[in-house]
Amino acid sequence: RRVLFRSARVPGEGNPLGRRLNELPYVGPGALAQGTFRQFDELDGVLRSHAWKKIAGADLVVTAALSEEDALQAFRSQRLWIVAATLGLSLMLIVSAAALVRALRLRLRLAGQLRSEKATLESAVAQRTSELRNAFERLRGAQAGLSRMAAIVEHSRDAVMSTDLQGVVQTWNPAAERIFGYSEQEMKGRNVRELVRAEDLPPIDDDYRRLAAGETLGSMRVIRIGKD
């Protein structure tokens, strides 16, 4: 294989036209068979890289050389853009990391607040539950007391009745039925003044006025009128 054309002549190499490729000083052993880049060679003080490519279907080989300066020129021309892009990417990473840190701090703060509110709520629920339990116990005790009182009234041998502040009968025990001759159904809704003599009505009215004012009455003797 011989050199047919060369676009640029390297000083000091002489005229390569008509010479065999393997006779040239920069063609290494096996380069024609490999057709690949070989090591950088130092010719006329310029570092170059040489490539060899066989043309398919022809007994020709194309050779090309590129100096290191030319090979790196494109990279150097784009270096500013590369630096700017790198700085931009770094800034984006920094901003993203800062946003992530803020989000994590916010999440931790919210988690702490939720734990605090949960503890407060659980304490309030426990306190309210205790209050309701105590109220229920008091209510049950009051109901038991009322049941005992109702049993006493029910089985008392004395007439026991209850009225509102106007004197209207609300309850009437069996002893009252026996003593006055009126059943509970007959007396409920009627005024107790019907069982009092006319001359005893003023003290009775005075007693109801005192009860309405919140006073406590002592014992008194009253003559009442029975059915018969």
How many angstroms lie between atom [atom1] of [X] and atom [atom2] of [Y], to the nearest 0.5 angstrom?
X	Y	atom1	atom2	result
Leu211	Asp206	CG	CG	9.5 Å
Asp158	Ile179	CG	CD1	6.5 Å
Leu132	Gln127	CG	CD	10.5 Å
Thr163	Gln170	OG1	CD	7.5 Å
Ser123	Lys118	OG	NZ	14.0 Å
Glu194	Phe180	CD	CZ	12.5 Å

Hydrophobic cluster membership, [X] vs [Y], 4.5 Å side-chain cutoff:
X	Y	value
Val95	Leu104	no
Leu217	Leu165	yes
Met92	Val101	no

Side chain to side chain, [X] and [Y], heavy atoms closer than 4.5 Å:
X	Y	result
Asp200	Arg197	yes
Arg193	Asp205	yes
Ile204	Val196	yes
Leu195	Met187	yes
Trp172	Gln185	no

Backbone N/O of [Y] and side chain of [X]: donor-acceptor pair under 3.5 Å:
X	Y	answer
Ser162	Thr171	yes
Ser147	Gln143	yes
Ser90	Thr86	yes

Show the nearest heavy-atom pair for residues [X] and [Y], with the distance to one decimal.
X	Y	value
Ala176	Ala159	CA-CB, 3.6 Å
Val153	Asn173	O-ND2, 3.0 Å
Pro202	Glu199	CD-O, 3.7 Å

* Asp207 and Arg210: side-chain contact (heavy atoms from CB on, under 4.5 Å), yes or no, with the steps? -> CA-CA 5 Å; Asp207 287 342; Arg210 292 171 59 191; 4.0 Å; yes
* **Test ring pair (Phe, Tyr, Trp, His ring centres under 6.0 Å) applied to Tyr208 - qualifying residues, sequence neighbours left out** =>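 Scan of Tyr208 (ring pair (Phe, Tyr, Trp, His ring centres under 6.0 Å), adjacent residues dropped) gives none.
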* So, Glu117 versus Thr120: side-chain donor-acceptor pair below 3.5 Å or not? ->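 Looking only at side-chain atoms, Thr120 and Glu117 do not form any donor-acceptor pair under 3.5 Å.
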* Should the heavy atoms of other residues, nucleotides or ligands under 6.0 Å from CZ of Arg157 be counted, would the total exceed 12? ->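 Atom CZ in Arg157 is not packed in, count stays at 12 or less.
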* Glu184 and Glu177: CA distance, side-chain angles, deciding distance, side-chain contact (heavy atoms from CB on, under 4.5 Å) verdict -> CA-CA 7 Å; Glu184 185 178 14; Glu177 291 182 349; 3.4 Å; yes
